[in-house]
Student: 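Below: one structure in structure tokens.
These values consider heavy atoms only, across backbone and side chains, with no hydrogens, waters or symmetry-generated copies. We name chains A, B, ... by the order of the sequence lines, and we start the count at 1 in each one.
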Number of protein chains: 2
Amino acid sequence: METYGSDVWEAIGDPTRRAIMACLAGKELAVGELADELPVSRPAVSQHLKVLKNADLVAERTAGTRRIYRLNPAGVAALRDQLETFWSRALTGYQDIAAGRGGHATAGAENQFEEEE
Amino acid sequence: METYGSDVWEAIGDPTRRAIMACLAGKELAVGELADELPVSRPAVSQHLKVLKNADLVAERTAGTRRIYRLNPAGVAALRDQLETFWSRALTGYQDIAAGRGGHATAGAENQFEEEE
DNA sequence: ACGAACGGTAAGTCTAGGCTTACGTTATGC
DNA sequence: GCATAACGTAAGCCTAGACTTACCGTTCGT
């Protein structure tokens, strides 16, 4: 649904962003709290959260002057499905499938992989 | 099994490497053939294949002076499982689980995410 | 045995992007 | 209303790493 998968690869490609997602797994956290648990400054966390939000991987909730961030289950699930589709194709060697349909095999997988630039 | 998950994140983080994996999905290819299908030079492909091989995502087969590369199903499956474990944790919000056991919740997820540097 | 093809490696360049400091903005508490 | 706290944003720096050209080793064909 929606435009998921826009730049999810870039989003989860950075170690700090993965650490942020790990911190948010199961509990909500404000920006400052995240920065306390990570070896980077608060503005750095803020910038990473911006990327994660653009990728629909986190959601925002305002509480007074604080911004509480939380994982977005829908976005995470979408990313999971996207990866799952690829793995299954790669593992089964879907060339066999394409052979039965007479199509060029690589098209689907390429779409799975390079949706950037 | 083995030392999977060493630097898989770095491996799949690059668009060109994902394109290489897409090309190898279902068919074997030599280095030069891969370079023909990609917008980068042959040495670049060679360097990417080195990274992918270190991550156990591809396997090598020598045929004369040519090196035929192929996806490594075991490595791909290992990466898939690693990701799957994380997604499920993130989605279920395993804080509930940790609450029942009295432990600090984030430890498991952090291990899932930052195994580098 | 020699030449050509194939591919890995070295050295160097250049850009993307992650991090920091500094600043502006907004909302709360007194 | 003012001071403060929490955040986002701008500007700038700096390193990782992706790419290229040049070179060398290896293997096959004739």
Student: Side chain to side chain contact (heavy atoms under 4.5 Å, CB included) with B:Y69: which of B:I20, B:L29, B:V31?
Tutor: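 Only one of B:I20, B:L29, B:V31 forms a side chain to side chain contact (heavy atoms under 4.5 Å, CB included) with B:Y69, namely B:V31.
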Student: Can you tell me if B:R17 touches the phosphate of D:dA18, counting only side-chain N or O atoms and a distance under 4.0 Å to OP1 or OP2?
Tutor: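 The answer is yes; a side-chain N or O of B:R17 sits under 4.0 Å from OP1 or OP2.
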Student: Rounded to the nearest angstrom, tell me the gap between atom CD1 in A:I12 and atom P in C:dG17.
Tutor: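 Taking atom P of C:dG17 as the reference, CD1 of A:I12 is at 15 Å.
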Student: What integer distance in Å separates B:E10:CD from C:dG17:P?
Tutor: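 The distance from CD of B:E10 to P of C:dG17 comes to 15 Å, rounded to the nearest Å.
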Student: In whole Å, I'd like the distance from the CH2 atom of A:W9 to the P atom of C:dG17.
Tutor: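 Roughly 16 Å, once rounded to whole Å.
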Student: What is the distance, to the nearest angstrom, from the CG atom on A:L34 to the P atom on C:dC19?
Tutor: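 One finds 13 Å between P of C:dC19 and CG of A:L34, rounded.
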Student: Please determine whether a side-chain nitrogen or oxygen atom of A:S46 lies at a distance below 4.0 Å from atom OP1 or OP2 of D:dG8.
Tutor: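 Yes, within the criterion.
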Student: Could you check if a side-chain atom of B:M21 sits within less than 4.5 angstrom of a side-chain atom of B:L71, using non-hydrogen atoms only?
Tutor: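 Of all side-chain heavy-atom pairs linking B:L71 with B:M21, at least one is under 4.5 Å.
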Student: Quick one: is A:Y69 getting a side-chain N or O under 4.0 Å of the D:dA6 phosphate, OP1 or OP2?
Tutor: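 No, A:Y69 has no side-chain N/O under 4.0 Å of OP1/OP2 on D:dA6.
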Student: Give the nucleotide from the list D:dA5, C:dC19, C:dC6 with an atom nearest to the side chain of B:T65.
Tutor: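 Taking heavy atoms from C-beta onward, the closest nucleotide is C:dC6.
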Student: Does OP1 or OP2 of D:dT20 have a side-chain N or O of B:S41 closer than 4.0 Å?
Tutor: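 Yes, B:S41 has a side-chain N/O under 4.0 Å of OP1/OP2 on D:dT20.
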Student: Would you mind reading off the distance between B:R67 atom CZ and D:dT27 atom P, rounded to a whole angstrom?
Tutor: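 Nearest whole value for this atom pair: 8 Å.
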Student: Mind checking whether A:R80 and B:L83 have side chains closer than 4.5 Å, heavy atoms only?
Tutor: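 No, their side chains stay 4.5 Å or more apart.
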Student: For the pair made of CD in B:Q47 and C1' in C:dG7, what is the distance, rounded to whole Å?
Tutor: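 Those two atoms, CD and C1', are 12 Å apart.
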Student: Atom NZ of B:K53 to atom C1' of C:dG7: distance rounded to whole Å?
Tutor: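 About 13 Å, once rounded to whole Å.
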Student: Please determine whether a side-chain nitrogen or oxygen atom of B:H48 lies at a distance below 4.0 Å from atom OP1 or OP2 of D:dC19.
Tutor: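 The answer is yes; a side-chain N or O of B:H48 sits under 4.0 Å from OP1 or OP2.
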Student: Rounded off to whole Å, could you give me the CZ-to-P distance for the A:R42 and C:dT25 pair?
Tutor: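 After rounding, the gap between these two atoms is 16 Å.
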Student: For A:K50 and A:R66, find the nucleotide of DNA chain D closest to each by heavy atoms; which residue's nucleotide sits nearer the 5' end?
Tutor: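 It is A:R66, whose closest nucleotide lies nearer the 5' terminus.
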Student: Would you find a donor on one side and an acceptor on the other, under 3.5 Å apart, between the side chain of A:R66 and the backbone of A:R61?
Tutor: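 Absent.
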Student: Taking 4.0 Å as the cut-off, does a side-chain nitrogen or oxygen of A:T16 come that near to OP1 or OP2 on C:dC19?
Tutor: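 For C:dC19, OP1/OP2 do have a side-chain N/O of A:T16 under 4.0 Å.
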Student: Taking the nucleotide of DNA chain C with the nearest heavy atom to each, does A:P43 or A:G64 sit closer to the 5' end?
Tutor: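 Looking at the nearest nucleotide for each, A:P43 comes out on the 5' side.
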Student: Please check this pair: side chain of A:E33 against backbone of A:A30, looking for a donor-acceptor N/O pair closer than 3.5 Å.
Tutor: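 Yes, because the side chain of A:E33 sits within donor-acceptor range (under 3.5 Å) of the backbone of A:A30.
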